[in-house]
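Contents: one structure, followed by commentary.
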Amino acid sequence: MKIGCPKEIKPQEFRVGMTPAAVREAVNRGHAVVVETKAGEGAGFTDADYIAAGATVGSVDDVFAADMVVKVKEPQPGERKRLRKGQVLFTYLHLAPDPEQTADLLASGVTAIAYETVTDDRGGLPLLAPMSEVAGRLSPQVGAWTLQKANGGRGVLLGGVPGVLPAKVLVIGGGVVGTHAAKVAAGMGADVTVLDRSVNRLRYLDDVFGRDFKNAYADAATTLELAREADLIIGAVLIPGAAAPKLIKADQLKLLKPGAALVDVAIDQGGCFETSKATTHQDPIYAVDGIMHYCVANMPGAVARTSTLALGNATMPFMLALADKGWKKACAEDKHLLAGLNTHAGKLTYAAVGVALGLPTISAAEALDL
Ligand SMILES: NC(=O)C1=CN([C@@H]2O[C@H](COP(=O)(O)OP(=O)(O)OC[C@H]3O[C@@H](n4cnc5c(N)ncnc54)[C@H](O)[C@@H]3O)[C@@H](O)[C@H]2O)C=CC1
Ligand SMILES: CC(=O)C(=O)O
Ligand SMILES: [Mg+2]
């Protein structure tokens with residue numbers, strides 16, 4: 001199979017979809033890989049590194065001529081025009097909050113497999129997890145920066161100092177992002193509470209991290225009560241594939257501490273605060289009613305080398321299965337990869353996206369027969 005790996009064009013996105021190590025594995029199995037010129041530059045991989053791994057380096061046209069395109073971020077409008085029926089796209093998509101992208105993918109006929117909905121045997125999301133680990137660990141760092149007075153924040157130091165209490169950090173959603181956020185915030189000396197709607201998850205957090213941070217059930221009243229006391233609130237909820245629920249409403253901002261910071265990591269699924277709108281690394285924060293919002297939808301791009309390596313480790317076995325077997329056989333033999341199928345031949349194949357966008361869907365299994 002011919003595999004293409006473009007340079008990411010989303011603003012300030014420095015990750016790349018294939019590492020030289022992934023290229024080497026694919027080439028060793030007889031596949032041809034074309035990597036766009038300078039695609040790996042932001043992650044510290046040169047064109048020479050890719051050539052040494054067995055790739056050819058070419059133009060964006062060469063890359064999108066491939067049978068399968070392996071990326072990081074959702075295709076941007078110009079990239080979407082290059083996609084076609086019979087081609088496989090393997091990348092993050094986050095379709096639920098994105099009707100334009102969904103319409104373009106359906107119109108193109110491309111077979112699009114979304115990293116964020118591929119599953120595993122333990123109920124996890126193995127291709128989302130590495131970037132959730134990164135974004136989770138980054139979120140107290142960007143939250144601490146947002147809290148600085150010059151950035152519009154409350155001017156509170158997360159860990160406090162001797163004689164001054166630490167900041168209160170509320171993490172809503174105790175999955176991968178939330179757990180890593182809480183660990184780092186606690187490590188910085190903050191007073192951390194994690195909320196979740198899964199009692200089993202709260203049991204796990206209590207068993208493993210009971211001495212490091214507190215937890216509570218995420219009913220609406222508890223969420224609001226703790227939000228009112230918080231200096232920093234990290235939004236980390238997920239209902240896989242679906243639009244994020246809005247957990248702090250616009251009219252509740254006036255109840256929060258002036259200058260409090262909201263870091264909405266769930267922004268790629270539309271955000272879990274009603275006043276969130278996606279921002280970029282170039283211009284990451286804005287204020288609403290004196291509350292600072294940080295809503296960067298590609299946080300891991302800030303630490304592109306770590307993120308590219310972590311993502312590459314996770315995607316490589318799936319990428320190789322798709323290349324070796326073709327998408328149909330690979331998905332028919334692996335229900336977890338099949339769960340990643342979001343569009344095929346003009347049909348939407350992920351129910352939660354259909355519900356979010358009011359569009360008809362077929363099941364991914366039905367798509368195998370198309
Ligand atoms: N902005 C960025 O750059 C990045 C964003 N993300 C996003 O972060 C979000 C979280 O991802 P993960 O931690 O991997 O998901 P996860 O599935 O590991 O955890 C989500 C948690 O939210 C909980 N939850 C669901 N509804 C809730 C509610 N109403 N109240 C409280 N808890 C609730 C679930 O029980 C689960 O424990 C996703 O939207 C993901 O796409 C992930 C990586 C990078
Ligand atoms: C998960 C995701 O969207 C990202 O890493 O950018
Ligand atoms: Mg994202």
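Atoms within each ligand, like the ligands themselves, are counted from 1 in listed order. What's counted below: heavy atoms across the whole structure, side chains too, no hydrogens, waters or symmetry copies.
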- Nearest-option assignment for atom 1 (N) of ligand 1, heavy atoms, candidates Val237, Val265, Asp268: Val265
- Item | Atom indices of ligand 2, in the order listed, that fall short of 4.0 Å to a heavy atom of His94 | 1 (C), 2 (C), 3 (O)
- Item | Region of Val134 engaging ligand 2 - heavy atom pairs below 4.0 Å | neither
- Note on the structure: Within the 4.0 Å heavy-atom cut-off, what Ala297 brings close to ligand 1 is backbone
- Message: Looking only at distances, can you tell me whether any N or O atom of Met299, backbone or side chain, sits closer than 3.5 Å to an N or O atom of ligand 1?
- Response: yes
- Query: Nearest to atom 17 (O) of ligand 1 by heavy atom, Leu128, Leu205, Leu238, Leu202: which?
  - Reply: Leu238
- Side chain or backbone of Gln269 under 4.0 Å from ligand 2, or both, or neither, by non-hydrogen atoms? neither
- Query: With a cut-off of 4.0 Å, which atoms of ligand 2 are near a heavy atom of Lys73?
  - Reply: 2 (C), 3 (O), 4 (C), 6 (O)
- Query: How does Asn298 reach ligand 1, if at all, at less than 4.0 Å between non-hydrogen atoms: by side chain, backbone, both, or neither?
  - Reply: backbone
- Message: Below 4.0 Å, non-hydrogen atoms only: which portion of Ala297 touches ligand 2? Side chain, backbone, both or neither.
- Response: backbone
- Task: Below 4.0 angstrom from a heavy atom of Asp268, which ligand 2 atoms are there? Numbered from 1 as shown, please.
- Result: 1 (C), 2 (C), 3 (O)
- Between Trp327 and His344, what is the ring plane arrangement, given parallel below 30°, perpendicular above 60°, and tilted in between? tilted
- Message: Quiz question: by atom type and distance under 3.5 Å, do the side chains of Asp120 and His336 form a donor-acceptor pair?
- Response: no
- N/O separation below 3.5 Å, Asn298 to ligand 2: no
- Query: When you look for heavy atoms under 4.0 Å from ligand 1, do you find them on the side chain of Ser132, its backbone, both, or neither?
  - Reply: both
- Message: Just to be sure I read this right, does ligand 1 sit under 4.0 Å from the backbone of His94, its side chain, both, or neither, counting only heavy atoms?
- Response: side chain
- Query: Do Ser363 and Glu366 have a side chain donor and acceptor closer than 3.5 Å?
  - Reply: yes
- Message: When you compare ligand 1 with Met131, is there at least one nitrogen or oxygen pair between them that comes in under 3.5 angstrom?
- Response: no
- Leu138, Asp196, Thr223: member with heavy atom nearest to atom 36 (C) of ligand 1: Asp196
- Test item: Ser276 side-chain N/O and Phe273 main-chain N/O as donor-acceptor pair under 3.5 Å: yes
- Message: For Asp61, is there an ion pair with Arg82 - N to carboxylate O distance below 4.0 angstrom?
- Response: yes
- Message: Regarding ligand 1, does Val176 bring an N or O atom to under 3.5 Å of one of the ligand's N or O atoms?
- Response: yes
- State if Val134 counts as touching ligand 1 under the rule of any non-hydrogen atom under 4.0 Å. no
- Task: Heavy-atom distances under 4.0 Å are what count here, so tell me which part of Glu116 touches ligand 2: side chain, backbone, both or neither.
- Result: neither
- Message: If we only consider heavy atoms of Glu116, is any one of them less than 4.0 Å away from an atom in ligand 1?
- Response: no
- Message: Would Glu74 count as a contact residue for ligand 2, given that I'm defining contact as a non-hydrogen atom of the residue lying under 4.0 Å from a ligand atom?
- Response: no
